[in-house]
Amino acid sequence: MKYDFKTIEKKWQDRWDSENTFAARDDYSMPKFYALVEFPYPSGQGLHVGHPRSYTALDIVSRKKRLQGFNVLYPMGWDAFGLPTENYAIKNHIHPEIVTANNIKNFKRQLKMLGFSFDWSREINTTDPEYYKWTQWIFIQLFKKGLAYKKEMSVNWCTSCKCVLANEEVVNGVCERCGSEVIHKVKSQWMLKITEYADKLLEGLNDVNYIERVKTQQRNWIGRSTGAQVKFKTTAGDILEVYTTRCDTLFGATYMVVSPEHPFLEKWQDRLKNMDEIRAYQKEAAKKSDFERTEVVKDKTGVRLDGVTAINPVNGKEIPIFISDYVLVSYGTGAIMAVPAHDTRDWEFAKKFGLPIVEVVAGGEDIEKAAFTDCATGTLCNSGFLNGLSVEEAKVKMLEYLKENNLGEEKVNFKLRDWVFSRQRYWGEPIPVVHCPKCGYVTLPESELPLKLPEVDSYEPSETGESPLSKITDWVNTKCPKCGGDAQRETDTMPQWAGSSWYFLRYCDPHNKKELASKEALKYWMPVDWYNGGMEHTTLHLLYSRFWHKFLYDIGVVPTAEPYAKRTSHGMILGENGEKMSKSRGNVVNPDDIVNEYGADTMRLYEMFIGDFEKSAPWSPKSIRGCKRFLERVCALSEQLTDSDEYSKELEADFHRTVKKVTSDIDELKMNTAIAALMSLLNDIAAKGSITRGEFKTFITLLNPFAPHITEELWEKAGFEGELNGTEWPSFDEAKCQDATVEIVVQINGKIRLKLQVAADISAADAIALAKSQPGVAEAIEGKTVVKELYVPKKLVNIVVK
RNA sequence: GCGGGCGUGGCGGAAUUGGCAGACGCGCCAGACUUAGGAUCUGGUGUUUCCAACGUGCAGGUUCAAGUCCUGUCGCCCGCACCA
């Protein structure tokens, strides 16, 4: 049979489409499997070859699960709000809605051309008012529980676009869009209190099956630390509180540092004799961009406060206070106690300003040469009642002392910050809030949802940095839902992460007009059994959606505490030159070209065969031909069929082993070795020269999840019953995986001497005796003492002689 | 700096978790069929001084046996980055 992939793939895709072959069933008595891949942002560039790597992998899992009798939900949709679409719309004077519709059309065509078994009847789109109605609804619930609040805060401001930028839109301190300088500007922003869920997000990780690097990255991002909040008296009379994880080193605190933004500086301005110098430093610090503040190699700077000092609470010594930008206002109390002997940053600062360095943990190198920061080995010294204790013991004892004397208490801190939720843009979900001069911020009644984006001619950012929506006065001006008085709508929109924070729930019941999804549907389908996506979303989308889900769980909307039972991540597909694919590097591979030249089955197979799924791999235009050859050879098999429905004697063990391997490899996402096993089996079949119908049936069923079109075609051509996708996944018999005889290696002193064919179940004694009787072996042992004889079943005999 | 991961042929990568290193594929070499080959098929392909020895970044160690375990060291990639 000639491998006419174009005709074959079109034929089966049309049939799957018209028959809705892969729609999830509403039969809640069946065992379910919910497989999820990150829905794409439909960009103008179309599908990237990276997208199908993830989609194919879970398509394989889904197709196999269906054959194994599961009711599988494998859905797809569009995460379609976002800046690139809006920018394109502005530049080309086309409404974002139209741009989005066109891009989706192209994406959908490309996804269908690859033969994914998505349930298209559940397709969703975050820009559809019927969808974002529920995004807005969730926001209102967050607001009602006090988890959404408005706050004045410093944001990124592009001086050229006159527009607020998200952190991820600032690249190396300049605007990603125009390359102009980005400065800080204080604006009122909507925030979501994700910090309230920090502990739950951390603890929840213990109950889910995520790959370890995802868990660690989230744990680090949340950044929980335990320490002490300690009170220092000052000569100004105020108590200056600091947070420290090393309260054991308190005797070594020789100075203090507050951040340039610390409120006490204003309060103390009359006492401070060098206020001019302080103000100048504050101004410098405020001017610094994020880029400058995070530069690696940099000198510590600061100013000593003249007029206010502090008292070390444990030894009563008077110590100076500095301001320095190495202390962050946003973490802990915005002030620190400095222990130069045991903290690298404090050490650098102390060296620069000539401050005393007092060793309080002995066991390191010379304290004048470097700070000794190791917590595991040192012993306390110069520390009064702590002397002689280990660091851990000293922490406990110091904490007791602080508590007894009302000098401090235990404290937990997080690196996680609240989520800046507003964007001054048109193409996003409107925030369903009005501002009433009398009632303050009031959410819309749920009956008024969705609050639709107003139809406008111009959605360009305004000169003032307000959202484009602010110019639409008849939309902005409204009545307060509470008191009926004149009020104004919120003109900021939600960030792109909003719609994707709950989309997996909507798939369970996508057409529901009354709820975001019915209780029954959620109870049956949730949690997502397997979610695959990019590492770049670990501390954004993945964390945000866990937060929303946990909130929805707490208010009784969803039945599970965690949204995803399992999370895996795929590596990037790089350009041929090993660099990241990009237009500017000119190494982009277009899926349309590949499918056109080799077909969807070959492309799917190649993307799975390219290497370890979790690692990045360069695209190789030559290697893909090996996958095509493989499929052509499979087609050729259908001309060598013999009548038997059984496995042949020669290949029986081979088939059982391959069924076993492919089955477990798919579950472990080791698609490359599953394909290698099938190739290997094909080589064995080819060597034998014929294949039984039974063997062929198993072979194409195993291959089906990888190459669904050609295997359906071969199934039909061979006259098997029904369609392949309606059959059963092959089973294997553990006992039959083993050949009757195996080859073992005979070693003398660990060096291989020869190879032997033996019965698989030979006893150790027989194997050793047989090995010793072999020519060459006997001579080698002759006249020497046998120290040890080993037999590793089915592997080797090793005779150790002296 | 901290955290995570990785170093195996010319290339992408395997190795049942301590048991024949290099599966499978690409590339390359030779042959067959061909008017032709960037098609297909068959065989070969870690290195070298080829009946043998050496080989998984480097140096040690444990073991009958090490890519795999331990100690040290070098290099690369990703994430966070002055988080007290």
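Throughout, protein chains are lettered first and strands after them, A, B, ... in sequence-line order, and every chain is numbered starting at 1.
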Inset, instruction - Extract the stems that RNA chain B is part of, considering only consecutive pairing runs of at least three Watson-Crick or G-U wobble pairs, both distances under 3.5 Å. - result: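 So the stems come out as B:1-7 with B:74-80, B:10-12 with B:24-26, B:27-32 with B:40-45, B:46-48 with B:52-54, B:57-61 with B:69-73.
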
Legend entry - Anti/syn call for B/G9, syn if |chi| within 90°: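 In terms of base orientation relative to the sugar, B/G9 is syn.
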
Take atom [atom1] of [X] and atom [atom2] of [N], then tell me their distance rounded to the nearest Å.
{"X": "A/Lys661", "N": "B/A14", "atom1": "NZ", "atom2": "P", "answer": "10 Å"}
{"X": "A/Glu614", "N": "B/G79", "atom1": "CD", "atom2": "P", "answer": "16 Å"}
{"X": "A/Leu240", "N": "B/A84", "atom1": "CG", "atom2": "P", "answer": "18 Å"}
{"X": "A/Met572", "N": "B/G12", "atom1": "CE", "atom2": "C1'", "answer": "17 Å"}
{"X": "A/Arg219", "N": "B/C80", "atom1": "CZ", "atom2": "P", "answer": "18 Å"}
{"X": "A/Glu536", "N": "B/G5", "atom1": "CD", "atom2": "P", "answer": "19 Å"}
{"X": "A/Ile222", "N": "B/C80", "atom1": "CD1", "atom2": "C1'", "answer": "14 Å"}
{"X": "A/Met608", "N": "B/G13", "atom1": "CE", "atom2": "P", "answer": "14 Å"}

Quantified in whole Å, what is the [atom1] atom distance between nucleotide [N] and nucleotide [M]?
{"N": "B/G37", "M": "B/G31", "atom1": "P", "result": "13 Å"}
{"N": "B/G27", "M": "B/U17", "atom1": "C1'", "result": "31 Å"}
{"N": "B/C58", "M": "B/A14", "atom1": "C1'", "result": "24 Å"}
{"N": "B/G46", "M": "B/A23", "atom1": "C1'", "result": "14 Å"}
{"N": "B/G44", "M": "B/C50", "atom1": "C1'", "result": "15 Å"}
{"N": "B/G55", "M": "B/G43", "atom1": "C1'", "result": "26 Å"}
{"N": "B/U42", "M": "B/C33", "atom1": "C1'", "result": "11 Å"}
{"N": "B/C28", "M": "B/G38", "atom1": "C1'", "result": "15 Å"}

In residues 240-254 of chain A, what donor-acceptor pairs under 3.5 Å come from side-chain atoms, sequence neighbours left out?
{"from": "A/Tyr243", "atom 1": "OH", "to": "A/Ser225", "atom 2": "O", "distance (Å)": "3.1"}
{"from": "A/Tyr243", "atom 1": "OH", "to": "A/Ser225", "atom 2": "OG", "distance (Å)": "2.7"}
{"from": "A/Tyr243", "atom 1": "OH", "to": "A/Gly227", "atom 2": "N", "distance (Å)": "3.4"}
{"from": "A/Thr244", "atom 1": "OG1", "to": "A/Arg246", "atom 2": "N", "distance (Å)": "2.9"}
{"from": "A/Arg246", "atom 1": "NE", "to": "A/Asp248", "atom 2": "OD1", "distance (Å)": "3.1"}
{"from": "A/Arg246", "atom 1": "NE", "to": "A/Asp248", "atom 2": "OD2", "distance (Å)": "3.4"}
{"from": "A/Arg246", "atom 1": "NH2", "to": "A/Asp248", "atom 2": "OD2", "distance (Å)": "3.1"}
{"from": "A/Thr249", "atom 1": "OG1", "to": "A/Arg246", "atom 2": "O", "distance (Å)": "2.7"}
{"from": "A/Thr254", "atom 1": "OG1", "to": "A/Pro356", "atom 2": "O", "distance (Å)": "3.0"}

Inset, instruction - Determine: side-chain N/O of A/Tyr331 to OP1/OP2 of B/A84, distance under 4.0 Å, yes or no. - result: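 A/Tyr331 to B/A84 OP1/OP2: side-chain N or O found under 4.0 Å.
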
Legend entry - All ring pair (Phe, Tyr, Trp, His ring centres under 6.0 Å) counterparts of A/Phe264, not counting sequence neighbours: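 Expected list: A/His262, A/Trp268.
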
With a 4.0 Å cut-off on heavy atoms, is [X] in touch with a base, just the backbone sugar-phosphate, or nothing at all?
{"X": "A/Asn413", "result": "nothing"}
{"X": "A/Ser330", "result": "nothing"}
{"X": "A/Thr344", "result": "nothing"}

Inset, instruction - Name the closest nucleotide to the A/Leu328 side chain, picking from B/A84, B/C6, B/G12. - result: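 Within the option list, the nearest is B/A84.
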
Legend entry - Closest-nucleotide ordering on RNA chain B, the 5'-leading residue of A/Asp343 and A/Lys615: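 The residue whose closest nucleotide sits nearer the 5' end is A/Lys615.
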
Legend entry - Letter per nucleotide, 5' to 3', of nucleotides 19-27 of chain B [B base touched, S only sugar-phosphate touched, - untouched; heavy atoms, 4.0 Å]: BBS-BBSSS

Inset, instruction - Determine, for A/Arg53 against A/Glu614, whether the closest basic-nitrogen to carboxylate-oxygen distance falls under 4.0 angstrom. - result: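 No, A/Arg53 and A/Glu614 are not salt-bridged.
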
Inset, instruction - In plain terms, say whether A/Lys670 and A/Asp612 are close enough for a salt bridge, that is, a side-chain N and a carboxylate O under 4.0 Å apart. - result: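 No salt bridge links A/Lys670 with A/Asp612.
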
Pairs: protein N or O with nucleotides 45-51 of chain B N or O, under 3.5 Å:
none

Inset, instruction - Might you work through the salt bridge (charged side-chain N to carboxylate O under 4.0 Å, His left out) test for A/Arg567 and A/Glu212, ending with a clear yes or no? - result: CA-CA 10 Å; A/Arg567 169 78 178 189; A/Glu212 210 48 44; over 6 Å; no

Inset, instruction - List the atom of A/Tyr210, the atom of A/Lys566, and the distance in Å for their closest heavy-atom pair. - result: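 The pair with the smallest heavy-atom distance is CD1-C, 4.2 Å.
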
Legend entry - Selection: residues 249-257 of chain A, any non-hydrogen atom under 4.0 Å of RNA chain B: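 Hits under 4.0 Å, by residue number: none.
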
Inset, instruction - Measure the spacing between CG of A/Leu651 and CG of A/Leu681 and express it to the nearest 0.5 Å. - result: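 CG of A/Leu681 is found 7.0 Å from CG of A/Leu651.
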
Legend entry - Validation row, ring centre A/Tyr197 to ring centre A/Trp419 under 6.0 Å: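 No; A/Trp419 has its ring centre 6.0 Å or more from that of A/Tyr197.
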
